[in-house]
Structures are given as C-alpha cells and as structure tokens.
Amino acid sequence: MNAVTDCPVVSTLFGHVNLGYLLAESQRLDEWRRFACDGLGVHADAAQRGTIALRIDQHARRIIVREGPAEDVIALGWQLDSEPALHLALERLRTKGITVQEGSGDAAAVRGVEKFWAFDGPKRLRVELFTQPLCSDAPLDMQASGFVTGAQGMGHFAISTREPEAMLEFFQDLFDARVSDYIDDRFNGVDLGVTFLRLNPRHHSIAVAATRGKRMDPIRTRIHHLNLQCQSLDDVTRAYRRMRDMGFVIANGIGQHPNDRELSFYVASPSGFEIELGWNPIEVTDEASWQPVRYRGTSLWGHFPEGLTLRAKLGQMRRGLMSLTRKEYTVEATR
Ligand SMILES: [Fe+2]
C-alpha cells in the first residue's frame, strides 16, 4: 500500500482502464437525435441547447454530440479505475514531455465527468483521462434492452492510420495495451492489416487498421467506428431493421468477425463515422494462456456492404490517394 494515499500502488494500467465516452461535433443534431433514439435505440436526455447527451447505462453521458463544424469525433474519454492509475498515466505523459491540460469545470460537465485531463493523441484525436463519471439514477428510456459496459467500458473503437507502428506504441506505452490478435484482408485491391488491442477482459477496446505497402488513409473521420455491445441478439436485429427502414446507410449488414466472434452490423452516423452494434463477443478471461493469432478475412460470414454508393467509393479512393501527400500527426513528433 502507498503510505501517503493509502491506495494500492499501480504499476500497470492493464486492467485499470476502459473506454468511457465519445465526444463528437456536428451540425446535424436533429438527425443525430433521430439516429440515436429511434434508430440505435439508446437513451437521449431532454434537449439542451447545442448538445445531445446519450446514455446506455448509469453513466450520465456516454456519447456527447455538440453543435460545431467538425462533423467528426473530437475526443475519446478513457476511465482510469483509481487515482493511482490516473497518476501513473499522467506521470508517463510528463516523462515523455507531452503537455496535458486539465479541463475546465464547464467542459467536464459537457462530458459528464467530475474532472478530466486532455492532450492531442495520434491523428489529433483528443485523449481525455478521467476517474469519476457523473451518474444518473433516472431510468433509461430506450428501445434496446441494455448494453454491456462496466469494467469493460462502453465498447471499442477502430481507427485507420498511416502510422500504425506509432499508433500501437502509443497505446501500449500509455495504457499497457496487449495485442489480442490480427486480421489481414484485401479491399478494393488494397491489402489491409488490423491489430486488435485489449485493455481489460473486453476482447479489444482499440482496433488499428493500416494498408500494407503504400500507406493510405481513405477515411475522412478520425475514427472508422465506435462499437456498442448490446445485451441481446434481438437488440441488434431490431436496430438493424429500424435503421434500414429509416433510410440510414447500412455500411455493412449483419455478420460475424472471426476473432472476437461478435455478431454485428455497421451503420453510418450523421457525422460519417460508423456505429457498430454487436452482441456476444468473447472475453479474454485467462491472460496466462491467451495467444495472439493472425486471421485471414475480417468476417466469417456476412457484413456485406449494403449502402456504399459508387460516389462514396470514389470519394474513399480519392481521399486515400490524397492522404499520401500529408503527414499524419503522431505523438512521437512532440518529443
Ligand atoms: Fe468493431
């Protein structure tokens, strides 16, 4: 025990951190509300000027969409499970020479946390650290039966990058992330590799995707998708049918991934990044025996593209080529 704080000493952040919230900026708040409440089937709090706050559990806010021009994800919030864990993360960042700012009280309220600390992570996606969420006793008013969260966090996110080595090192250095497995695939004639990182028993909290050979990034938004884990298969299939009937773009229909075995589908959010709604992924419960495996193909079955227009496909190809002319921001560049 630490004599000063009377808290357990934390020497690794593995098992002590999870994905806490997502903050996005959009000019389509009305569409977001319809997408979230009527489509995904999550809880939205009563309208507040310029912000939509979504709940899926007792946390007062899990997805926050504020009015603004970015039409993108601004920040991901990471919950540390104790003050010593937070101090270890902040100490690591200080040692690397990374400037971390404490957020204002107003900014913390927007995110639904007591306090937070923030800095620019890879691709200038803000990394925000907190320990205490604001919670709500108000019953959830949502179409889904529930979501699996707790110590595993709100779900996972996937990100495309032209600097996968730096991105992986960032999460391994900061959070002691462990490799769960890898998937190789080929899309539109381009080879792609995905590395899956876990921070706790959730099979992965982070998926890092990169093209092989020439490094291209065809995705406009900072993240490719946010995954939420539904409690029942009915939650997934009903949301899929609602989304399709409402005219939202189903990026990939229902299918199953080979590594975490989750059944899921992908729908484009009003801001362009996708939401993956899934059910029943495996957990890594025995750290001692887990061995990373390399899979071929992102899906065992299904996940067929449904709403991808030729225009969208051409746009991705153009963005992929344009990305070759730009340097991607890496955290190492600040050292
Ligand atoms: Fe995913």
Side-chain angles (χ1 to χ4, degrees), residues 18-22 24 39-40 42 56 62-63 73 76 78 122-123 125 144 147-149 152-161 164 167-168 171 177-185 187 192-211 217-219 221-231 233 235-237 239-240 243 248-269 271-284 292-308:
N18 65 68
L19 183 58
Y21 62 80
L22 177 148
L40 293 177
V42 303
I56 58 172
R62 285 294 199 176
I63 299 175
V73 177
L76 293 177
W78 297 92
K123 286 181 83 174
L125 175 60
F147 291 87
V148 178
T149 57
Q152 297 188 27
M154 71 184 288
H156 70 245
F157 85 101
I159 189 165
S160 55
T161 176
M167 177 97 59
L168 292 166
F171 286 111
R178 298 179 183 174
V179 174
S180 290
D181 36 46
Y182 310 90
I183 295 181
D184 295 330
D185 209 338
F187 289 102
L192 188 77
V194 190
T195 304
F196 296 83
L197 297 177
R198 71 182 180 282
L199 305 172
N200 52 57
R202 185 178 288 285
H203 174 276
H204 61 279
S205 295
I206 302 160
V208 176
T211 56
D217 188 351
I219 308 297
T221 49
R222 289 195 179 92
I223 73 166
H224 176 264
H225 71 261
L226 170 76
N227 164 284
L228 301 175
Q229 183 185 339
C230 297
Q231 260 175 11
L233 181 57
D235 291 335
V236 175
T237 55
Y240 169 79
M243 286 295 193
F248 287 108
V249 174
I250 305 292
N252 298 91
I254 295 177
Q256 187 175 26
H257 291 302
N259 55 345
D260 67 359
R261 303 263 159 177
E262 186 171 32
L263 266 73
S264 66
F265 75 95
Y266 297 73
V267 57
S269 76
S271 297
F273 63 90
E274 295 171 12
I275 302 288
E276 178 187 21
L277 273 191
W279 171 73
N280 203 31
I282 61 166
E283 296 176 9
V284 178
V293 174
R294 188 172 290 276
Y295 295 89
R296 179 80 213 164
T298 49
S299 302
L300 283 174
W301 57 268
H303 284 150
F304 297 119
E306 292 189 10
L308 196 59

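All values below were derived from every heavy atom in this structure, side-chain atoms included, with hydrogens, water molecules and symmetry-related copies excluded. Both ligands and their constituent atoms are indexed starting at 1 by order of listing.
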What is the minimum heavy-atom distance between Ala268 and Glu274, and which atoms define it? CA-CG, 4.1 Å

Using distance alone, with no hydrogens and no angle criterion, decide if His204 and Asn227 have a side-chain donor and acceptor under 3.5 Å apart. no

So, applying side chain to side chain donor-acceptor pair (under 3.5 Å) with Tyr266, which one of His224, Glu276, Glu306 is it? Glu276

Which residues share a side-chain contact (heavy atoms from CB on, under 4.5 Å) with Thr221, sequence neighbours left out: Asp72, Ile219, Phe273

Answer yes if the side chains of Glu262 and His156 hold a donor-acceptor pair under 3.5 Å, and no otherwise. no

Ignoring water, what protein N, O or S atoms are under 2.8 Å from the Fe ion (ligand 1)? His156 NE2, His225 NE2, Glu276 OE1

Partner of Ser264 by side chain to side chain donor-acceptor pair (under 3.5 Å), out of Gln256, His303, His225, Gln229: His303

